[in-house]
Amino acid sequence: MAYRKIDEFSSMHLDVLREIGNIGSGNAATALASLLNTVVDIEVPVISLVSYDKVADYLGGKNTKALGMTVDLEGDIRGCMLEVVHLDFAKKLINTFYPKEIAELSQIDDMDISVVREMSNITTAAYVNSIAAMTQLFINIKPPDSYCDNVSNLVAIPAEKLSRSFDEPVLYIDEKLHIGDSEMKSGLILVLDSTSIQILFKKLGMPYL
């Protein structure tokens with residue numbers, strides 16, 4: 001049976017997804033601290049299931065321009081993670097490595113994108129690794145693809161990759177990061193195909209819905 005509506009998930013299913021997110025955020029903080037050579041704290045993330053047609057509102061609004069980093073998942077499960085990075089977060093990351101005045105996203109060049117892409121590779125890998133560790137599933141991730149577009153177009157990318165309907169749920173992870181003395185926000189969504197969702201819960205000892 002496919003999981004197609006938010007109300008088909010029980011509180012137990014949601015708690016398991018939140019636990020995966022909490023472990024992933026801790027791993028991401030450790031990895032980012034090493035990359036940036038500074039203290040990185042990630043507050044306990046807000047993790048929820050959101051219908052696909054509403055998730056853009058959680059990521060800054062449909063018409064907000066942002067950077068999007070997608071990572072494809074393959075192996076025992078198939079899916080896609082999207083990290084949406086807004087201008088202030090991108091500026092902080094880039095200026096950690098070299099000084100650059102950035103007033104708008106159009107000023108970000110290929111070198112800048114490589115910095116943001118490396119950050120996204122680390123954070124998404126942390127979440128995927130937490131899923132793999134809890135389930136003993138083999139999950140491979142591909143290098144991130146980068147986009148600069150309106151949020152509504154960015155969130156459509158995983159749906160198109162996986163042929164998902166826009167009334168189906170996605171896992172939304174709202175992160176608040178403290179990098180040095182700055183506070184940043186990052187939003188991620190995890191999208192799995194219906195078969196992979198069932199495989200995930202079966203491995204976690206959860207009943208089918």
Inset, instruction - Carefully, step by step, assess Tyr127 and Asn27 under the rule side chain to side chain contact (heavy atoms under 4.5 Å, CB included). - result: CA-CA 8 Å; Tyr127 285 101; Asn27 294 339; over 6 Å; no
Inset, instruction - Could you walk me through whether Ile157 and Leu82 pass the side chain to side chain contact (heavy atoms under 4.5 Å, CB included) test, one step at a time? - result: CA-CA 8 Å; Ile157 296 169; Leu82 165 71; 5.6 Å; no
Legend entry - Glu83 and Ser186: side chain donor to acceptor below 3.5 Å: yes
Legend entry - Heavy-atom closest contact (Leu162 atom, Asp193 atom, distance): CD1-N, 4.4 Å
Legend entry - Under 3.5 Å donor-acceptor, Ser152 side chain and Lys62 backbone: yes
Legend entry - Polar side-chain atom of Asn150 near backbone of Asn153 as donor-acceptor pair, under 3.5 Å: no
Legend entry - Nearest heavy-atom neighbours spanning Asn121 and Thr124: O-OG1, 3.4 Å
Inset, instruction - Rounded to the nearest 0.5 Å, what's the gap from NZ on Lys203 to CD on Gln198? Could you check? - result: 15.0 Å
Legend entry - Side-chain donor or acceptor of Asp76 paired with backbone N/O of Phe138 under 3.5 Å: yes
Legend entry - Whether His178 side chain and Val39 backbone form a donor-acceptor pair below 3.5 Å: no
Legend entry - Expected output: side-chain Glu118 to main-chain Val115 donor-acceptor under 3.5 Å: no
Inset, instruction - First locate atom CG of Asp174, then atom OG of Ser48, and finally report the distance between them rounded to the nearest 0.5 Å. - result: 8.0 Å
Inset, instruction - Can you measure from CG (Leu200) to OG1 (Thr135) and round to the nearest 0.5 angstrom? - result: 6.5 Å
Inset, instruction - Compute whether any side-chain donor of one residue and acceptor of the other, for Asp53 and Ser51, lie under 3.5 angstrom apart. - result: yes
Legend entry - Reported NZ-to-SG distance for the pair Lys142 and Cys80, which is rounded to 0.5 angstrom: 10.5 Å
Please set out all donor-acceptor pairs under 3.5 angstrom arising from side-chain atoms of residues 64-72, sequence neighbours excluded.
from, atom 1, to, atom 2, distance (Å)
Thr64, OG1, Gly60, O, 2.5
Asp72, OD1, Lys161, NZ, 3.4
Asp72, OD2, Lys161, NZ, 3.3

Inset, instruction - May I ask you to test the Leu73-Leu190 pair for a side-chain heavy-atom distance under 4.5 Å? - result: yes
Inset, instruction - Determine the minimum heavy-atom distance between Ala133 and Gln136, stating which atoms define it. - result: O-NE2, 3.0 Å
Inset, instruction - Report yes or no: does Thr123 contribute a side-chain atom to a donor-acceptor pair with the main-chain N or O of Ala28 at less than 3.5 Å? - result: no
Inset, instruction - Assess whether atom NZ of Lys100 is packed by more than 12 heavy atoms of other residues, nucleotides or ligands within 6.0 Å. - result: yes
Legend entry - Donor-acceptor contact present, side-chain Asn129 to main-chain Ala126, <3.5 Å: no
Legend entry - Trace of the side chain to side chain contact (heavy atoms under 4.5 Å, CB included) decision for Leu32 with Leu177: CA-CA 10 Å; Leu32 280 176; Leu177 303 91; 3.8 Å; yes
Inset, instruction - List the steps and the verdict of side chain to side chain contact (heavy atoms under 4.5 Å, CB included) for Leu93 and Phe89. - result: CA-CA 6 Å; Leu93 288 170; Phe89 191 9; 3.7 Å; yes
Inset, instruction - Of all the heavy-atom pairs spanning Tyr52 and Val155, show the shortest one and how long it is. - result: OH-O, 2.7 Å
Inset, instruction - Kindly indicate whether the side chain of His86, heavy atoms from C-beta on, has any atom under 4.5 Å from the side chain of Lys185. - result: no
Inset, instruction - Can you establish whether the number of heavy atoms outside Lys92 located under 6.0 Å from its atom NZ is more than 12? - result: yes
Inset, instruction - Check whether Ile189 and Val46 end up in the same hydrophobic cluster, where Ile, Leu, Val, Met, Phe, Trp and Tyr are linked by side-chain heavy atoms less than 4.5 Å apart. - result: no
Legend entry - Atom pair CD1/CD1 of Ile94 and Ile102 - distance to nearest 0.5 Å: 3.5 Å
Inset, instruction - Look only at the side chain of Ser34 and the backbone of Ala31, and say whether a donor-acceptor pair between them is shorter than 3.5 Å. - result: no
Legend entry - Closest approach of Gly61 to Val151 (non-hydrogen atoms, all atoms of both residues): O-CB, 3.2 Å
Inset, instruction - For residues 54-77, pull every pair meeting ring-ring contact (aromatic ring centres under 6.0 Å, His included), keeping only residues two or more places apart or in separate chains. - result: Tyr58-Tyr172
Legend entry - Student check: side-chain heavy atoms of Tyr98 and Asp112 closer than 4.5 Å: yes
